[in-house]
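Predicted, not measured: the structure shown is a model, and the values here were computed from it.
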Amino acid sequence: MDDNAASPEATARFPDGRLLPVGPATTVGELLATWSADRAPRFLAGLWDGRPVDLSFRPGATGTLAPLTFEDRAGWEILQHSAAHLVAKALVEAVPEARPTHGPPTADGFFYDFDVRPLTPADISEVEAGMRRSIERREPFVRREVPRAEAERLFAANPHKLRYIAETPAGETISVYDTGSFTDLCRGPHVPDTHWLEGVHVLGFSATEPEAPGRPPLQRIRGVGFPSRTELAQFLKLRAEAAARDHRVLGQRQELFLFDERAPGFTFWLPNGMILVRELERYVTEHLRRAGYSEVRTPLAFRRSVFEISGHWEHYRENFFVSEADDDEYGWKPMNCPGAMLIFGSRPRSYRELPMRLAEFAPLHRREASGTLHGLMRVREFVQDDAHLFVTDEQIGAEIAVLLAWIREACATFRLDYAFELSTRPASSLGDTADWEKAEAALRQALEANGAAYRASPGEGAFYAPKIDIHLKDSLGRPWQTGTIQLDYQMPRRFGLQYQAPDGTLRTPAVIHRTILGSWERFLGVLTEHVGGRWPPWLAPVQVTVLPVTDRQGEAATAIAAELTSAGLRAKAGASDATLPKRIREAELDRVPYILVVGDKEIADGSLSLRIRGSKAPRSISRAEFVAYATAKVRNREFEP
RNA sequence: GCCACUGUAGCUCAGUCGGCAGAGCGGCUGAUUCGUAAUCAGCAGGUCGGGGGUUCAAGUCCCUCCAGUGGCUCCA
């Protein structure tokens with residue numbers, strides 16, 4: 001190395017303002033270790049002049065330097081990406097003909113896609129073993145910058161890598177990383193060695209859509225990485241707990257709903273689940289009344305011609321359930337909009353009728369692809385808390401502000417974390433650009449005017465309108481779209497809807513399609529996992545269980561349950577067919593909010609022994625006090641019992 | 001819809017080399033009458049997802065269909 005290559009006064013400036021000299025051969029790792037020896041073991045890469053670099057990088061010039069740890073997003077991504085290399089190395093060792101394609105970090109881990117025959121669980125076991133071997137050997141990630149021709153020679157057998165090389169702009173450095181005997185084309189940077197990947201875990205494997213039509217599908221291995229086994233163990237523990245909260249598990253245990261292969265994707269709501277549905281319905285309906293809505297019910301199926309007007313027949317054909325009758329085709333409605341449009345158009349309308357807010361909770365049918373069905377989260381028949389608002393342009397902002405506030409209020413009631421997403425015009429859509437731009441701008445303005453943070457999702461709008469979606473997460477962190485606000489100029493025009501303005505002219509209203517909770521099905525799926533089956537008292541299918549200590553108090557328990565029932569609570573008297581501790585255990589496992597125990601003592605003094613879910617210590621309470629306490633919790637829709 | 005995997009009692013699962021279908025929980029019956037997370041005993045419960053094939057013999061091997069699971073694609 002030529003010592004004259006770097007200027008003698010080159011320095012690195014650290015976040016705290018400290019300066020350290022940079023020699024021609026000084027590495028980022030050495031600089032960081034000098035800067036903070038005690039924290040250095042956590043540094044997995046550096047930021048040189050704001051650019052992520054390997055610890056082995058030799059800047060040889062003046063610049064700024066900051067450390068990257070696993071706790072930094074960029075550092076986290078470097079570890080995930082390094083883990084992807086490790087997976088690729090292990091798979092190529094196990095299946096030499098496998099051709100790696102790309103392996104990026106994702107929102108919650110990493111994957112690596114391979115051009116290879118379909119993988120099997122045995123392959124994955126071998127991959128895991130190979131990863132462990134490499135980790136034990138502590139193999140360094142070694143960066144090499146190579147000429148284009150050299151890179152092409154290295155990856156001559158892998159057309160995917162050759163394509164990436166060809167796509168690299170002329171003049172850009174081509175780098176590869178060696179890990180033991182494995183070499184991958186990669187911009188880097190990486191963790192220093194495979195020992196950093198002790199906490200890497202393979203989560204699963206599957207096929208992906210082919211890169212191009214006609215090509216075979218790629219095989220994807222997914223995983224997640226942590227810098228230590230302890231952190232991985234913690235993650236796996238949380239994951240196991242999340243799996244126990246899976247709404248499909250709880251739905252069975254609590255007898256909320258069931259599915260049957262003779263109606264795949266169609267929900268059977270059991271008595272307990274139906275209580276949840278009705279309570280949610282009531283919750284939403286109370287809002288509707290206050291917010292000036294009218295409720296309607298329109299046909300479940302329409303002649304095909306209606307969907308040709310709405311555009312669904314052209315843009316949504318593959319999702320229709322279709323029936324034939326009287327020499328015509330009927331589509332089962334996948335959305336409520338056509339019915340609302342026909343109502344609005346059924347007679348002349350005045351501007352005085354706007355905003356006209358028509359709500360409809362009707363079953364909708366969508367023939368979703370079979371492989372996408374997922375418990376309550378994705379079904380083929382569902383009911384939305386749906387409404388269509390017919391508005392003038394001037395009314396749009398105020399209506400959407402109310403909706404945004406409403407969604408936030410609902411999420412607060414359920415203590416749900418939510419995220420707004422603004423989805424704009426998709427590739428396949430109706431109408432002209434000007435309408436779309438106007439609608440997209442109106443939604444954007446509404447979000448910004450109401451201080452709602454949002455993520456932009458270009459091209460993800462409905463075929464007829466841009467939309468603001470609400471995303472909630474399930475127990476494993478997978479996002480699900482629930483509420484939606486769509487601003488539509490197309491459908492009212494296609495249905496020829498008009499109202500007479502104050503100046504006597506006929507104008508076309510805009511339509512806001514919106515749901516607050518989304519569908520009962522998906523919302524309850526998310527909510528089941530969110531509360532882990534511990535329903536807020538107002539939703540709990542059984543709110544109170546009254547347990548007699550012995551047979552002697554059986555009648556008293558029945559009488560108390562009846563009294564609570566007439567006070568409006570969902571109360572059940574338990575039998576004395578098992579020991580009291582056993583029956584308490586069963587009620588606790590059923591997550592009943594309130595357990596009342598009645599023995600001779602309670603009968604003597606007219607009190608109740610109350611055990612509130614979440615607190616093991618029972619307390620004595622009078623009947624009147626308990627009724628007041630529990631009914632207030634229910635009436636106020638409090639989250640905790 | 002695509003790829004892989006899975007499907008045995010109401011639930012969770014075991015079932016070896018192809019050779020009589022099993023356990024725990026739950027249910028029912030009886031005993032026990034119990035004070036805040038599992039009392040004891042007995043009994044019942046099966047088209048081994050459906051169909052076809054190989055075999056003396058199939059839960060087990062092969063083919064096929066269905067459903068579910070995890071991803072992909074797509075969406076409330």
Side-chain angles (χ1 to χ4, degrees), chain A residues 111 113 116-124 203-210 216-222 243 246 248-249 252-253 255 258-265 316 318-319 334-336 364 366-386 423 426 460 462 467 469-472 476 478-484 486 513-523 525-526 547-554 575-590 595-602 609-611 615-619:
Chain A
F111 66 78
D113 284 348
V116 64
R117 58 157 170 85
L119 297 176
T120 65
D123 295 325
I124 299 304
L203 288 169
F205 64 102
S206 65
T208 67
E209 279 295 286
L218 298 176
Q219 301 292 314
R220 172 167 299 182
I221 300 181
R222 293 180 314 115
D246 189 308
R248 292 164 297 186
V249 173
Q252 181 176 273
R253 151 115 202 123
E255 296 196 43
L258 61 84
F259 289 96
D260 186 291
E261 64 179 72
R262 285 161 289 190
Y316 209 72
E318 68 282 6
N319 280 322
M335 302 171 188
N336 289 311
L364 304 177
R366 300 184 186 177
R367 209 178 54 81
E368 302 290 358
S370 57
T372 65
L373 302 178
H374 181 95
L376 287 179
M377 303 295 201
R378 196 170 172 80
V379 289
R380 287 179 159 177
E381 179 191 72
F382 55 97
V383 179
Q384 293 179 328
D385 60 333
D386 202 6
S423 301
E460 295 297 315
K467 54 184 187 164
D469 286 332
I470 291 80
H471 291 261
L472 304 176
L476 287 175
R478 293 174 290 207
W480 294 95
Q481 184 194 317
T482 55
T484 185
Q486 310 176 348
H513 309 242
R514 108 290 175 282
T515 66
I516 304 299
L517 303 183
S519 68
W520 307 138
E521 285 76 10
R522 183 174 288 180
F523 186 80
V526 170
L547 298 177
V549 175
T550 72
D551 277 348
R552 290 193 305 280
Q553 300 87 21
S576 55
D577 54 349
T579 60
L580 182 64
K582 171 77 174 283
R583 288 175 283 140
I584 293 204
R585 175 184 152 80
E586 283 167 356
E588 287 283 356
L589 289 176
D590 287 343
I595 300 172
L596 295 174
V597 173
V598 185
D600 288 335
K601 188 162 77 66
E602 285 74 23
S609 172
L610 168 63
R611 186 179 160 120
S615 118
K616 289 191 189 329
R619 65 193 228 207

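Comparing the C1' positions of B:C3 and B:A37 gives an interatomic distance of 44 Å, to the nearest angstrom. Rounded to whole Å, the P atom of B:U8 lies 9 Å from the corresponding atom of B:C13. Rounded to whole Å, the C1' atom of B:C61 lies 13 Å from the corresponding atom of B:A57. Spacing between B:G15 and B:C34 at atom C1', rounded to whole Å, works out to 39 Å. Taking atom P in both B:G46 and B:A23, the straight-line distance is 14 Å, to the nearest Å. Spacing of C1' atoms, B:U55 relative to B:U12, comes out at 34 Å, to the nearest Å. B:G24 and B:C43 have their P atoms separated by 12 Å, with the value rounded to a whole Å. Atom name P, nucleotides B:C5 and B:C74: the rounded distance is 25 Å, in whole Å.
Nucleotide B:G68 is matched to B:C5 when pairs are restricted to Watson-Crick or G-U wobble geometry with both distances under 3.5 angstrom. Base pairing of B:G42: its partner is B:C28, meeting the Watson-Crick or G-U wobble criterion (both donor-acceptor distances under 3.5 Å). Across all strands shown, B:U73 forms no Watson-Crick or G-U wobble pair with both key distances under 3.5 Å. Nucleotide B:C48: unpaired (no Watson-Crick or G-U wobble partner with both distances less than 3.5 Å). For B:C13, the paired base is B:G22 (Watson-Crick or G-U wobble, both distances below 3.5 Å).
A:Arg220 comes within contact range of the sugar-phosphate backbone alone, with a heavy-atom separation under 4.0 Å but no base atom that close. Nucleic acid contact for A:Thr515: none, since no nucleic acid atom lies under 4.0 Å from a heavy atom of the residue. Counting any heavy atom pair closer than 4.0 Å across all strands shown, A:Gly204 reaches no nucleic acid atom. Residue contacts for A:Asp600: at a heavy-atom cut-off of 4.0 Å it reaches a base atom on one of the strands shown. Counting any heavy atom pair closer than 4.0 Å across all strands shown, A:Arg514 reaches no nucleic acid atom. Counting non-hydrogen atoms under 4.0 angstrom, A:Gln481 reaches the backbone sugars and phosphates but no base. A:Leu203 comes within contact range of no nucleotide atom at all, as no heavy-atom separation falls under 4.0 Å. Residue A:Glu602 is classed as a base contact, given a heavy-atom separation below 4.0 Å to a base. Note on A:Arg222: only backbone sugar-phosphate atoms sit closer than 4.0 angstrom, heavy atoms only; bases stay farther off. Counting any heavy atom pair closer than 4.0 Å across all strands shown, A:Pro618 reaches a base atom. A:Leu547 comes within 4.0 angstrom of nothing in the nucleic acid, heavy atoms only.
Here A:Lys467 reaches the OP1 or OP2 of B:A76: one of its side-chain N or O atoms lies under 4.0 Å away. One finds a side-chain N or O of A:Arg248 lying less than 4.0 angstrom from the OP1 or OP2 phosphate oxygen of B:G70. Between A:Lys616 and B:G35, a side-chain N or O to OP1/OP2 separation shorter than 4.0 Å is absent. At B:U39, one or more side-chain N or O atoms of A:Thr579 fall inside 4.0 Å of OP1 or OP2 (strictly under the cut-off). Applying the 4.0 Å criterion to OP1 and OP2 of B:A76, one finds that A:His471 has every side-chain N and O outside that range. Not one side-chain nitrogen or oxygen of A:Arg253 sits closer than 4.0 Å to the OP1 or OP2 atom of B:G26.
Counting distance only, with no hydrogens placed and no angle test, the side-chain atoms of A:Gln252 and the base atoms of B:G10 include no donor-acceptor pair under 3.5 Å. Counting distance only, with no hydrogens placed and no angle test, the side-chain atoms of A:Arg366 and the base atoms of B:C75 include no donor-acceptor pair under 3.5 Å.
Annotation: of the two residues near RNA chain B, A:Pro479 and A:Ile584, the 5′-most nearest-nucleotide partner is A:Ile584. Each of A:Gly375 and A:Gln553 has a nearest nucleotide on RNA chain B; the 5'-most of these lies closest to A:Gln553.
With B:A4, B:A37, B:G1 as the choices, the nucleotide that has an atom nearest any side-chain atom of A:Thr372 turns out to be B:G1. Closest to the side chain of A:Ser206, from the set B:C3, B:G1, B:A76, is B:C3. Distance from the side chain of A:Arg611 is smallest to B:A37 among B:A37, B:C3, B:A76. Proximity note for A:Gln219 (side chain, C-beta onward) versus B:G70, B:A67, B:C3: the nearest is B:C3. Out of B:C5, B:C75, B:A37, the shortest distance to the side chain of A:Pro121 is found at B:C5. Of the listed nucleotides (B:A76, B:A37, B:G68), B:A37 has the atom at the smallest distance from the side chain of A:Leu589. You'll find that the side chain of A:Thr208 is closest to B:C72, out of B:G35, B:C72, B:A38.
Taking every heavy atom of both residues into account, A:Leu119 and A:Gln219 meet most closely at N-OE1, 3.4 Å. In terms of heavy-atom proximity, A:Phe382 sits nearest to A:Ser519 at CD1-CB, 3.6 Å. Here the shortest heavy-atom pairing between A:Gln553 and A:Asp600 reads NE2-OD1, 2.7 Å.
With rounding to whole Å, A:Arg262 atom CZ is found 15 Å from B:G7 atom C1'. In this structure, the NZ atom of A:Lys582 is 11 Å from the C1' atom of B:C40, given to the nearest Å. If you measure from atom CZ of A:Arg378 to atom P of B:U73, you get 12 Å, rounded to the nearest angstrom. At whole-Å resolution of the value, CG in A:Asp590 and C1' in B:C11 are 14 Å apart. Nucleotide B:G1 holds its P atom 7 Å from the CZ atom of A:Arg380, rounded to whole Å. Residue A:Arg583 contributes atom CZ, which lies 10 Å from atom C1' of B:G35 at whole-angstrom precision. Distance OH (A:Tyr316) to P (B:C74): 13 Å, rounded to an integer number of Å. Per the geometry, CG belonging to A:Asp113 stands 16 Å off P belonging to B:C3, to the nearest Å.
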| field | Full working for side chain to side chain donor-acceptor pair (under 3.5 Å) between A:Thr208 and A:Arg220 | value | CA-CA 6 Å; A:Thr208 67; A:Arg220 172 167 299 182; 5.1 Å; no
| message | Assess the residue pair A:Thr515 and A:Asp386 against the criterion (side chain to side chain donor-acceptor pair (under 3.5 Å)); give the C-alpha distance rounded to whole Å, side-chain angles, the decisive distance to 0.1 Å, and a yes or no. | response | CA-CA 5 Å; A:Thr515 66; A:Asp386 202 6; over 6 Å; no
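Residue ring and nucleobase are stacked for A:Phe382 and B:A76, with a centre distance beneath 5.5 angstrom and an angle between planes beneath 30°.
Remark: A:Ile470 CD1 to A:Gln481 CD distance equals 8.0 Å, nearest 0.5 Å. A:Lys616 NZ to A:Glu588 CD: the interatomic distance, rounded to the nearest 0.5 Å, is 6.5 Å.
The shortest distance between side-chain heavy atoms of A:Gln384 and A:Met335 does not fall below 4.5 Å. Put simply, the side chain of A:Asn336 does not reach to within 4.5 Å of the side chain of A:His513, judged on heavy atoms.
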